[in-house]
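Below, read A as the first sequence line, B as the second, and so on, with proteins coming before strands; counting in each chain starts at 1. These numbers come from the heavy atoms of this one structure, side chains and all, not from hydrogens, waters or symmetry mates.
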2 protein chains.
Amino acid sequence: MTTHESAGIARWRQIADSLRADIAEGRLVDALPSEMRLAERFAVNRHTVRRAIAALGEEGLLTAARGRGTFVAPRPGRIAYPVGPRSRFSENIGAASREPGGSMVGATREPASTEIAGLLGCGIAAPLARLDLLRVADGAPVIVSTLWFEEARVPGIVAAFAELGSISRALEALGLAGCRRLWTRVSAIAAEARDAERLHCPLATPLIQTTSLTAAATGEPVQYARSRFLGSRFELLFDHTAGPAAD
Amino acid sequence: MTTHESAGIARWRQIADSLRADIAEGRLVDALPSEMRLAERFAVNRHTVRRAIAALGEEGLLTAARGRGTFVAPRPGRIAYPVGPRSRFSENIGAASREPGGSMVGATREPASTEIAGLLGCGIAAPLARLDLLRVADGAPVIVSTLWFEEARVPGIVAAFAELGSISRALEALGLAGCRRLWTRVSAIAAEARDAERLHCPLATPLIQTTSLTAAATGEPVQYARSRFLGSRFELLFDHTAGPAAD
DNA sequence: TATAGTTGTCTACACAAATAGACAATTAAA
DNA sequence: TTTAATTGTCTATTTGTGTAGACAACTATA
């Protein structure tokens, strides 16, 4: 089986991806090697390197100066995002000293799928409130998340969120204080067209996908969530030493 | 700024990626829509769809039958991988009823970087034993991981692993039973050329990257690890209810 | 000032990718 | 058997990608 793994991806794109990874990991700082050197390193024509650099320039990662060289823009750094029973977006981003933000990009009703019905413990095709949120840090979108609630259990959740601007506060307002996250599942996926558009990132950008189940203080499941984080901007932190009883 | 987010990736590749995601998520089963329908859906010529299908066929995800249609091969499903203080590869894969396996693809010595020295609590440039492992499920490579140990603390770790075939058993043999994982950090990255080659996956495939710190029963850090999981084959499970003190 | 090294721009050519149309081969159902 | 729908194969054309060479514009340094 002679499959070329790189099939279908233009050479300049591969070079841009490689340089972008080097920049994200901090392996490449300050001045970039000259176009000729890079062309030699990647065994490619100078024009091909130039195209890769142009793409990264449009992303704001590089700036070129005629006669001087090309330079790496100061990188934003990864946002440390602790995940635990009490995780809330606003706290996490706040702790990282970045302005939190978020906007509702969609609020619909849909019947429960077999999977979600099983997780939330409601009937199949029971009416769910679905909330689509876009979360922003430093003025750029970084997370898209979709939340599902059984409508009968939390009536008016959408209106409450719209008013209070926070899921946890909206739940408290509905008499559900002290909600706890039961578990989190993590996988990695490639950004599809819709995600890429919303997150303002190139197609096929690696995203961290998490799904999680949150329960009320009574233990009753309340919220099922599916989030996608910009892989290059985040690092999820799981602390295995802090137990559920400890805070 | 008129950036085309899809620049540099061939249309057939995008279509193949989209279909692959649909298959991986279970949104596409049994018979595929006909080539003409797919061409309409993606607003593309039938030949472009055919190329995407051919690529997925080479990956073993689809089989085409003249006159009948194209069919989705039964998908392997995601491997559920619980992560906690006692996570071990062999247990996790074993629990998923797949044959575990792993091979050492590299064992070198290198001086401790500032970062790793800080985590392991040893001096900068102290000699480390570095172990590169390739882990296999169902005959296909699915994880590459790199482990670092301070050599003075676990002399002969490489030989012990080579003999026993398991990190935890090797540590026990060196008198370090009851090691616990302190924390895990998770991010998503795109497969680079080296990873793609080792994991036998296309370039830029989304990978889950974890870094973790493991300590001995005394609390002294022993092992720092960096692993990359094939994003489409895994789902990491974090249980926030089962704490170390509780249960 | 002179020189070496850098980025920016232009032309030209070869090859891959995508589109378009036509028809053959096979299958399932009317 | 006939018909419609499917996948397989061929030719041709247009657009995108990568290579090659040359030269201009600019910068820092000897």
statement: To the nearest angstrom, the CH2-C1' distance between W12(B) and dA18(C) comes to 12 Å
task: Using a strict cut-off of less than 4.0 Å between a Lys/Arg side-chain nitrogen and an Asp/Glu carboxylate oxygen, indicate whether D22(B) and R20(B) qualify as a salt bridge.
output: no
query: Would one find more than 12 heavy atoms of other residues, nucleotides or ligands at under 6.0 Å from atom CZ of R27(B)?
result: yes
task: Return yes if the base of dG8(D) and the side-chain atoms of H47(B) contain a donor-acceptor N/O pair under 3.5 Å, otherwise no.
output: no
task: Give the rounded distance in Å between these two atoms: CZ of F71(B) and P of dT27(C).
output: 12 Å
query: Within this structure, what is the CZ-to-P distance between R68(A) and dT6(C), rounded to whole angstrom?
result: 14 Å
- request: Could you tell me the separation between the CH2 atom of W148(B) and the CD atom of E115(B), rounded to the nearest 0.5 Å?
  value: 8.5 Å
message: Would the distance check show the side chain of R78(B) and the main-chain N or O of S187(A) forming a donor-acceptor pair, the cut-off being under 3.5 Å?
response: no
task: Go through dA17(C), dG8(D), dG8(C) for me and flag the one nearest to the A64(A) side chain.
output: dG8(C)
message: Using whole Å, what does the distance between atom P of nucleotide dA5(D) and atom CD of E40(B) come to?
response: 12 Å
query: Counting side-chain heavy atoms from C-beta on, which of dG18(D), dG8(D), dT6(D) comes nearest to R11(A)?
result: dG18(D)
message: Taking donor-acceptor contacts at under 3.5 Å, does the side chain of R46(A) reach the base of dG8(C)?
response: yes
task: For dG8(C), take OP1 and OP2 only and decide whether either is under 4.0 Å from a side-chain N or O of R50(A).
output: yes
task: Give a yes/no on whether any side-chain N or O of T70(B) is located under 4.0 angstrom from OP1 or OP2 of dT7(D).
output: yes
message: Is there a side-chain contact between T48(B) and the phosphate of dA18(C), meaning an N or O under 4.0 Å from OP1 or OP2?
response: no
query: Whole-Å distance between dT6(C) C1' and M36(A) CE?
result: 11 Å
Whole angstrom value for the distance that separates P of dA18(C) from CZ of R13(B): 12 Å
- request: Measure from CG on N45(A) to C1' on dG18(D) and round the result to the nearest Å.
  value: 7 Å
task: Could you check how far CG of L62(B) sits from P of dG8(D), rounded to whole Å?
output: 11 Å
task: Hey, can you tell me if F229(B) and F234(B) have their rings parallel, tilted or perpendicular (30° and 60° cut-offs)?
output: perpendicular
- prompt: Quick one: is dT17(D) close enough that its OP1 or OP2 comes under 4.0 Å of any side-chain N or O from R51(A)?
  reply: yes
